[in-house]
Amino acid sequence: MAQMTMIQAVTSALDNELARDSNVLLFGEDVGQSGGVFRATDGLQKKYGDQRVFDTPLAESGIAGLATGLALQGFRPIAEIQFFGFVFEAMDEIAGQAARMRFRSGGRYTSPIVYRAPFGGGVKTPEMHADSLEGLLMQTPGLKVVIPSNPYDAKGLLISAIRDNDPVFFLEHMKLYRSMRVEVPEEAYTLPLGKAAVVRPGKDLTVIAYGAMVHTALKAADQWSKQKGVEAEIIDLRTISPIDIETIVESIKKTHRAVVLQEAQRTAGAGAEIVAQINEHAIYHLEGPVKRITAPDTIYPFAQIEEEWLPSTERVLTGFEAALAL
Amino acid sequence: MLQILDVDGHVVNEEQLPKLSHEELRAMMRKMVFTRIWDQRAIKLTRQGRLGFYAPVAGQEASMIGSEAATLKEDFLLPSYRDVPQAVWHGWPMYQAFLYSRGHVHGGQMPEGVNVLMPQIIIGAQIVQAAGVALAFKLRRENRVAITYIGDGGTSQGDFYEGINFAGAYQAPAVFIIQNNQFAISVPVHLQTAAETLAQKAAAAGIPSERVDGMDVLAVYSATKRAVERARAGEGPTLIESMTFRFGPHTMSGDDPTRYRSKELEEAWQKRDPLVRFRSYLEGQNLWSQADEEAVIEEAKTAVNEALAKADAQPKMTVPELIDAMFEQLPDDLRAQRAEFVK
Ligand SMILES: Cc1ncc(C[n+]2csc(CCOP(=O)(O)OP(=O)(O)O)c2C)c(N)n1
């Protein structure tokens, strides 16, 4: 088995699916000739031709609309939004159009589209490149939202997303692109959408996280265990819409305490939704309120103070302690 | 395509030659040389991690400086991420441009009397906003103009069409400048559009347009001057397409132009270097010397060092400062979040 970074795992998934299904098309800004600003599509135009892997004009609304139209005619488009911060441009075509197509045609037409976008903080990008806007997508009925935390999951989830018959937004955290290499099969495999993974078992506190924050949570949990002998159980959501509440409830039945950790600003995001669902499904198993550990409600502070703004291991540990004391 | 100086610096269009004083001509050369040196320094500083985000400008000096020079200080400039030189020549202190590149909130805090918006990162947003700024001038009967810039790729955005159309519908005093540097990151113009020129996109908005040699500072100046005067006279917006080239990478964040541009193409454009052309012209008129050139180079190096020192002296931004920048009055919830960051 090959060792792959997350970006290589993404490329490998795209490669497998382009090979498997001639209806799969891949397009976006700079994805063709240049192979993408992060090289996610490197070599794919050469391999599959510029009819299947191509550069688009610079217009996100156009990219997303093109995907909707191609999907109407039976293609399975993979549309890249160069950075997630540019999703605002494409929002009508995603939320207002593609996600409503199944309803609008009574199921006659669907939107088997994958929108891919890099996002996330800690890599010193300019303004509007790092923002965690996934909350906007969670508010879109009819759309699934996937955020992998490692190369293996990224490949399996991306292939599932491509094979899914409804639109899926697939978010790739830039900090994870090249931060680790793990064993990833060259051949295609799938991981179920909507299913979380317990990435660290523990009996004292349930920690729900996704994306890069999974790794911050793991670091904090290991420190906590060493210093205090307290064991956090960490759930990597992997899909944030829909949320795998079953796995969360199972864990809370054991730990009776929970925190939600997200890189996004506090209000109305994944964390808020998770807390609401815990409230509905597990409140009698809890011994204290569920705490949110998040960034503050501001715009993303490009570059200079991102390290202070993002939940750090230290702030996460403080949050763990607080949740246990409540 | 309007050209006044050919590649060797000979006047090929006497009729259009702008009536500029010797001092004004020398000032334009000074700004171009200064900007080239500053660009080289900024690239180095970015590589060393001393500046944040930076989009190189070499090759586009005539396009940038010729157009800005045709505006007045009271005209309002809406730059994109690459248009830092115009913003600085329009009054944005250089040290603040450096702070902006690092993401410091003080970077975009324009001093009183400086009519510039922090550079736009979202491609096309400045175009619709320029229509709004221009309409404001019209509504208040102020004799001012909104001037904004976009790249060739940016003209594919819906916002581009919407902005020029709105400005046309309101006959608002706006000047839209497309710097056609042939590539949008890696994508060449012929993949952006089937339109033969980008200037012709003005036809759909019903506004006049002009295509100029963007490596000829006098041509850019002359076309922009005409557009600005037309706007000031209440005759509505103009679109200008300036044909240029960026010699360097797209930004300093890992772009490799050899993946999408041939050496031959790069060399062909290098031969049209706007500095070389204007220098030959001025030397022919005995308006520029080696000593002038060296003096500007020194001046630019000193100015960049001073601006950098001033930027470095600015205290690092804090999260509470960022929170304070969100509202006129902080909501209680945000006040509570702020408290978590005050040690
Ligand atoms: C809405 C939006 N989409 C995509 C980008 C990413 N991006 C930044 S610059 C660029 C290419 C711009 O090319 P062009 O408009 O020709 O201007 P140039 O950079 O060449 O000056 C792209 C795709 C962005 N900043 N904003």
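Sequence lines set the chain letters: A, B, ... in the order given, protein chains first and strands last, and positions in each chain run from 1.
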### Query
Where do B/S156 and A/A59 come nearest, in terms of heavy atoms and distance?
O-CB, 3.5 Å

### Task
Among the options A/G62, A/P57, A/P301, pick out the one with the most heavy-atom pairs lying under 4.5 Å from chain B.
A/P57

### Largest heavy-atom contact set with chain B, pairs under 4.5 Å, which of A/E306, A/K124, A/R266
A/R266

### Task
Kindly check if the number of other-residue, nucleotide or ligand heavy atoms within 6.0 Å of CZ (B/R259) is above 12?
yes

### Query
Would you call B/V319 and A/I305 a side-chain contact if the rule is heavy atoms closer than 4.5 Å?
yes

### Query
How about A/Q51: does its CD atom have over 12 heavy atoms from other parts shown lying under 6.0 Å from it?
no

#### Entry: Nearest-0.5 Å distance that lies between atom CG in B/L322 and atom CH2 in A/W309
8.0 Å

### Query
Roughly how far, to the nearest 0.5 Å, is CZ of B/F160 from CG of A/L58?
12.5 Å

### Query
Would you call A/D297-B/R338 a salt bridge at under 4.0 Å N-O?
no

### Query
Quick one: what part of A/Q82 sits under 4.5 Å from any heavy atom of chain B, side chain, backbone, both or neither?
side chain

### Task
To the nearest 0.5 Å, tell me how far B/D324 CG sits from A/T298 OG1.
11.0 Å

### Query
Quick one: does B/R102's side chain have a donor or acceptor within less than 3.5 Å of a partner on A/Q304's backbone?
no

### Query
So with a 6.0 Å cut-off around CD of A/E314, is the heavy-atom count from everything else above 12?
no

### Summary
If one checks every heavy atom of B/D255 against chain A at 4.5 Å, the contacting part turns out to be neither

### Message
Atom CZ of residue position A/F86 - does it have more than 12 heavy atoms of other residues, nucleotides or ligands inside 6.0 Å?
### Response
yes

### Message
Could you check whether any side-chain heavy atom of B/M317 comes within less than 4.5 Å of a side-chain heavy atom of A/E308, counting everything from C-beta outward?
### Response
no

### Query
Within a reach of under 6.0 Å around CZ of A/R39, are more than 12 heavy atoms found that belong to other residues, nucleotides or ligands?
yes

### Query
Heavy-atom distance under 4.5 Å to chain B: side chain of A/D30, backbone, both or neither?
both

### Query
Could you go step by step and tell me if B/V187 and A/E29 meet the side chain to side chain contact (heavy atoms under 4.5 Å, CB included) rule?
CA-CA 8 Å; B/V187 181; A/E29 293 156 10; 5.7 Å; no

#### Entry: Within 6.0 Å of CD in A/Q139, more than 12 heavy atoms from elsewhere
no

#### Entry: B/F341 side, atom CZ; A/R315 side, atom CZ - distance, nearest 0.5 Å
3.5 Å

### Task
State whether the side chain of A/E127 and the backbone N or O of B/I121 hold a donor-acceptor pair below 3.5 Å, judged by distance alone.
no

### Query
Which answer fits A/E89, side chain, backbone, both or neither, if we ask what part of it has an atom under 4.5 Å from a heavy atom of chain B?
side chain

### Query
Nearest 0.5 Å, what's the CG-OG1 distance between B/L191 and A/T56?
9.5 Å

#### Entry: Part of B/T193 lying under 4.5 Å from any heavy atom of chain A
neither

### Message
Distance check, rounded to the nearest 0.5 Å: B/I185 atom CD1 versus A/D55 atom CG?
### Response
10.5 Å

### Part of A/T267 within contact of chain B (heavy atom distance under 4.5 Å)
side chain

### Query
So which part of B/Q337 gets closer than 4.5 Å to some heavy atom of chain A, the side chain, the backbone, both or neither?
side chain

### Query
Which residue out of A/V37, A/T318, A/T294, A/I299 racks up the most heavy-atom pairs below 4.5 Å with chain B?
A/I299

### Query
Is chain A contacted by the side chain of B/I122, its backbone, both, or neither, given a heavy-atom distance below 4.5 Å?
side chain

### Task
Counting only heavy atoms closer than 4.5 Å, note whether B/M252 contacts chain A via side chain, backbone, both or neither.
neither

